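To start, the structure itself, in structure tokens.
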Protein chains: 4
Amino acid sequence: MVQRKGSLKERQRQEREQYILQAAEEIMLEKGYHHTSMDEIADRVGIAKGTLYLHFTRKEELAYALVEPKLNMFLESVQQARAYNGTAQEKLIYLLEKEMSGAFFQFMLRSDPDLASVFKAQQQRIDGLIAEIFGGIGKILDEGKEAGLFDRELPNEMMAFQFINMFDPHLYLKMVEQQQMSKETFIRHVAKVYLRGIER
Amino acid sequence: MVQRKGSLKERQRQEREQYILQAAEEIMLEKGYHHTSMDEIADRVGIAKGTLYLHFTRKEELAYALVEPKLNMFLESVQQARAYNGTAQEKLIYLLEKEMSGAFFQFMLRSDPDLASVFKAQQQRIDGLIAEIFGGIGKILDEGKEAGLFDRELPNEMMAFQFINMFDPHLYLKMVEQQQMSKETFIRHVAKVYLRGIER
Amino acid sequence: MVQRKGSLKERQRQEREQYILQAAEEIMLEKGYHHTSMDEIADRVGIAKGTLYLHFTRKEELAYALVEPKLNMFLESVQQARAYNGTAQEKLIYLLEKEMSGAFFQFMLRSDPDLASVFKAQQQRIDGLIAEIFGGIGKILDEGKEAGLFDRELPNEMMAFQFINMFDPHLYLKMVEQQQMSKETFIRHVAKVYLRGIER
Amino acid sequence: MVQRKGSLKERQRQEREQYILQAAEEIMLEKGYHHTSMDEIADRVGIAKGTLYLHFTRKEELAYALVEPKLNMFLESVQQARAYNGTAQEKLIYLLEKEMSGAFFQFMLRSDPDLASVFKAQQQRIDGLIAEIFGGIGKILDEGKEAGLFDRELPNEMMAFQFINMFDPHLYLKMVEQQQMSKETFIRHVAKVYLRGIER
DNA sequence: CATGAATGAGGATTCATTCAT
DNA sequence: CATGAATGAATCCTCATTCAT
């Protein structure tokens, strides 16, 4: 019987791609997109520069490959939150719990003014994803407003934006990783502040 | 020998330095640190590139000179807020009103991961200023907690961080500049959300 | 009176540009476009790599700047030849004498299949110039045919092409520079072969 | 032990080598040496890139292997022409007819300045072949001169060079492939121009 | 032998910084 | 002092070549 030789190779390949993405994420989070050289990524992974290009045809694409799945996962979580059986508040809490530690890269994206210009073709797709995410959160907020839970005076866009801001990785890193607050406590606090903030 | 010749020269020099800082701020806000070239700054000011280096020995230092006074002003506002005659809540509102539209650069600082790595020597001073700012806000928060206004369970650091996050220039730009919400309304909304959020 | 300081600088600049073009021509004639590195050109001129880019924004443009004036001069000579007071044969001889030793780069252009793809935007201009050159030669050939001097059976395009081929720099280099044939003798021979070849 | 197992293997090997040469010729004619990648050659043949290196140790050698047999064939044709039963003129016509459409690669060789620098070790052999070709043509020219057919004043080297230039593939492509002139007419025209040109 | 993933030298280009005028 | 031409380190990316499987 013919061995699925490709299976192993392919697994190793994907594994390495994960290492690359991981290394790139670490370095870019620390130094930003521009101060992260392809050499340094390759070095950290322990492969040759050229090998990076077997996985990602441009530095841009590597950054995109870093951001896109995070945004996708986040969007999926938003949709799960909407479908979640509970109040609008419980839905938002669900989302906070699900995504709190994985949301880093939207921030890299939103915060580095350079990155906007880094993506060209993909910018549209990214913008679309972000719009969908905001839209989905808006629906939950509407639900809450209709149920008389949330303040009707506040515009959804502002509320959604502030909600997204709660995922700020800097805050998370500071409280949870540096100051050893438990993740659960952190999320409870965040949820409390935000939900009270928008209460009717 | 002519006395105080330097006085005029010096005044002109300082004036020029202001123009440089202004040009740099505009361009960096728009394009980000890395996509801002020394050439473009010099061009916008109308001076030669070399002249920039008579004022700032490195691009880094120019960015630093941009951020530092903003932090200083912010710190000063924090101190004024503390001295403000009113409740802790009114102090925070005072701060929001005073700094909302001028706070951009702390954010550029915190949010652009590149910039963090741009400052080396100055990082310490920056960190010190930020610590003082956080400390000052913490004092106001303590005051509020003691007066029974704010939730005692929330750690000051977290609350201060979230307060600072309310100055997010992306949100400000979106609501006020793009969607034409009045600055007053914007601040009222922000204050409402935050202050309710941390209420006892 | 204000010295035209720029005048000297500008003269030096243009002088250096000539050196660059000269060095590039030499190296590219010897090694071809692809084996000529910007480093080597800079080295030969004795300037830094970056300085090349003050004169030519891309390697492409340097090659273009090398080819274009030669084509232009050639075209001008074609037009002078047409206006020359004499028979069609004398006109062609005039052209041979005028351009024999300066025509090198059309050949570099025509002969390196890579170069075609090197020029992008400029290709059109180049093609236009070449078409004009061929057209002009065609007119002279027509004149000769009408005067009963040239063979009517031969298509102009073919005749013009073969005429242009007479400028082959390889042949010129071999006979004149390596074998010390006088330029005059060389041209006399070339003219004889070509003109007899197309005679009625 | 199985004898001559290598025989089949060897035949297949040689067959594959032919495919490689064929693919390389096609692509290099179209795109030039530098824009032809080993990947593309392997792809067109349908083998792995590494396999190319079982046949040719360097890209250079592949190009050499492409050019050398063409030169050899050309040389052989020159020798057949010399042995051809007829006048010197008829010998040259024989050569034009025999090699007109196969001579492309000598031209790629002579005309692409890159290629010259590509061959290092082989350059000597190539130069030797070219010298032999020129020599052979020179003999025919001598024969013609002695028979009073060709102009004695013209140096053989020049005449031979110009004869070789008649094989210019650019002209052939233009007239025959693009403008649909028949090959026979083309050769008739070429022969006419050249032979008249060198006539006594 | 055949494969094709991995390598890394090589080259174009940018731009902060220097320094002669 | 002011200038801006000149510099060259830094970085992305390509592709011929190697080598473990």
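Order of the sequence lines sets the chain letters (A, B, ...), proteins ahead of strands, with each chain counted from 1. Note that this is a predicted model, so its numbers are computed, not measured.
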Inset, instruction - Mind listing the closest non-hydrogen atom pair of A:Y53 and A:R58 along with its distance? - result: CE2-CA, 4.4 Å
Legend entry - Ring-face cation of C:K59 near C:Y33 (centre distance under 6.0 Å, axis angle within 45°): yes
Inset, instruction - Represent DNA chain E in dot-bracket notation, 5' to 3'. Only Watson-Crick or G-U wobble pairs with both distances under 3.5 Å count; pseudoknot-style crossings use [ ] and interstrand partners use |. - result: .||||||||||||||||||||
Inset, instruction - Ignoring backbone atoms, establish whether C:R13 has a side-chain N or O less than 4.0 Å from OP1 or OP2 of F:dA6. - result: no
Inset, instruction - Tell me which of D:D39 and C:R16 sits closer to the 5' end of DNA chain F, going by the nucleotide each one is nearest to. - result: C:R16
Inset, instruction - Write down the distance between NZ (B:K59) and C1' (E:dT18), rounded to a whole number of angstrom. - result: 17 Å
Inset, instruction - Grab the CD1-P distance between C:I27 and E:dA12 for me, whole Å please. - result: 11 Å
Legend entry - Separation of F:dA2 P from B:E10 CD (nearest whole Å): 11 Å
Inset, instruction - For C:E10 and C:Q14, test the side chains for any donor-to-acceptor distance below 3.5 angstrom and give the result as yes or no. - result: yes
Inset, instruction - To the nearest Å, give me how far apart CE (D:M38) and C1' (F:dT14) are. - result: 15 Å
Legend entry - Residues that A:Y64 engages under side-chain contact (heavy atoms from CB on, under 4.5 Å), provided they are two or more places apart: A:E68, A:F119, A:Q122, A:R125, A:I126
Inset, instruction - Find out whether A:H34 and B:H35 are in side-chain contact, i.e. whether some heavy atom of one side chain is under 4.5 Å from a heavy atom of the other. - result: yes
Legend entry - For D:D127, salt bridge (Lys or Arg N to Asp or Glu O under 4.0 Å) partners two or more places apart: none
Inset, instruction - Look at the side-chain N and O atoms of D:R58 and state whether any lies under 4.0 Å from the OP1 or OP2 oxygen of F:dA16. - result: no
Legend entry - Rounded interatomic separation in angstrom, taking CD from A:E61 and P from F:dC12: 15 Å
Inset, instruction - Strictly below 4.0 Å, heavy-atom distances to any atom of DNA chain F: list the hits from residues 45-54 of chain B, or just say none. - result: B:I47, B:A48, B:K49, B:G50, B:T51, B:L54
Legend entry - Interatomic distance, A:D43 CG vs E:dT7 C1' [rounded to whole Å]: 13 Å
Inset, instruction - Can you tell me the distance, in whole Å, between the CD1 atom of D:I20 and the C1' atom of E:dT3? - result: 13 Å
Inset, instruction - Look up atom CZ in C:R13 and atom CG in C:L54, then write down how far apart they are to the nearest 0.5 Å. - result: 7.0 Å
Inset, instruction - Using side-chain contact (heavy atoms from CB on, under 4.5 Å) as the criterion, list what pairs up with B:F56, not counting sequence neighbours. - result: B:E17, B:I20, B:L21, B:E61, B:L62, B:A65
Inset, instruction - Take the protein atom CD of A:E15 and the nucleotide atom P of E:dA5, then report the distance between them rounded to whole Å. - result: 17 Å
List, one per line, each side-chain donor-acceptor pair under 3.5 Å for residues 40-48 of chain A, sequence neighbours excluded.
from: A:E40; atom 1: OE1; to: A:K31; atom 2: NZ; distance (Å): 3.1
from: A:E40; atom 1: OE2; to: A:K31; atom 2: NZ; distance (Å): 3.1
from: A:R44; atom 1: NH1; to: A:E26; atom 2: OE1; distance (Å): 2.6

